[in-house]
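Worksheet for the structure shown next.
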Amino acid sequence: MPSEEYVERVLSVVEAIPPGSVMAYGDIAEYVGAGGPRQVGWVMSHYGGGVPWWRVVRADGRPADCHAGEAVRMLRAEGAPFRGPAGDRVDMTRARWGGDSDS
């Protein structure tokens, strides 16, 4: 189980992702400088309900399976770009947020 400090750092990053942008689980781990995609996923599954969880996706642009339909709907409403034959993956090249105020 991650520390309370780690949980707070992850949630703080997720709260900062602008509408229409996303970060992959691994992007968040890299940004906070600790853990990996699985640790971030654990934090999101246990504590992510109060932050814009739909803006956290897999590295290939797919939303988490548990909320895939709802996440796609919310991301589309925010104007996130999608790609793929089914249009169900976020275009990571265009939508990935780097965690700075200039993105």
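Given the structure is predicted, the values throughout are model-derived calculations rather than measurements.
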### Query
Which pair of non-hydrogen atoms, one from A29 and one from P37, has the smallest distance, and what is that distance?
CB-N, 4.3 Å

### Task
Check whether any side-chain heavy atom of V56 lies under 4.5 Å from a side-chain heavy atom of V22, and answer yes or no.
no

### Task
Mind listing the closest non-hydrogen atom pair of V57 and M92 along with its distance?
CG2-SD, 3.7 Å

### Query
Which distance, rounded to the nearest 0.5 Å, do you find between the CZ of R94 and the CZ of R83?
11.0 Å

#### Entry: Closest contact, heavy atoms only, V90 versus A95
CG1-CB, 3.4 Å

### Task
Over all heavy atoms of both residues, which pair between A71 and P63 is shortest? Give the atoms and the distance, please.
CB-CB, 3.6 Å

#### Entry: Atom pair CD (Q39) and OG (S3), whose distance is rounded to the nearest 0.5 Å
11.5 Å

### Message
Looking at D88 and R62, is any side-chain nitrogen of the basic one under 4.0 Å from a carboxylate oxygen of the acidic one?
### Response
no

### Distance in Å, Y31 OH paired with I17 CD1, rounded so as to fall on 0.5 Å steps
10.5 Å

### Summary
Between the CZ atom in R73 and the CH2 atom in W54, the distance rounded to the nearest 0.5 Å is 9.5 Å

#### Entry: Within-4.5 Å side-chain heavy-atom neighbours: M23 and V13
yes

### Query
How many angstroms lie between atom CG of D27 and atom CH2 of W97, to the nearest 0.5 angstrom?
11.0 Å

### Query
Ignoring hydrogens and geometry, is there a side-chain-to-backbone donor-acceptor pair from E78 to G20 under 3.5 Å?
yes

### Axial cation check for Y25 ring with R38, 6.0 Å and 45° limits
no

### Working for side chain to side chain contact (heavy atoms under 4.5 Å, CB included), residues L11 and M44
CA-CA 8 Å; L11 296 179; M44 293 305 296; 4.3 Å; yes

### Task
Enter the distance from R96:CZ to D91:CG here, rounded to the nearest 0.5 Å.
10.0 Å

### Query
Just wondering, do F82 and V72 contact through their side chains at under 4.5 Å, heavy atoms?
yes

### Query
Hey, mind stepping through E70 and W53 against side chain to side chain contact (heavy atoms under 4.5 Å, CB included) and telling me if it holds?
CA-CA 11 Å; E70 187 175 1; W53 52 265; 4.0 Å; yes

### Side-chain donor/acceptor of Y6 to backbone N/O of A34, under 3.5 Å
yes

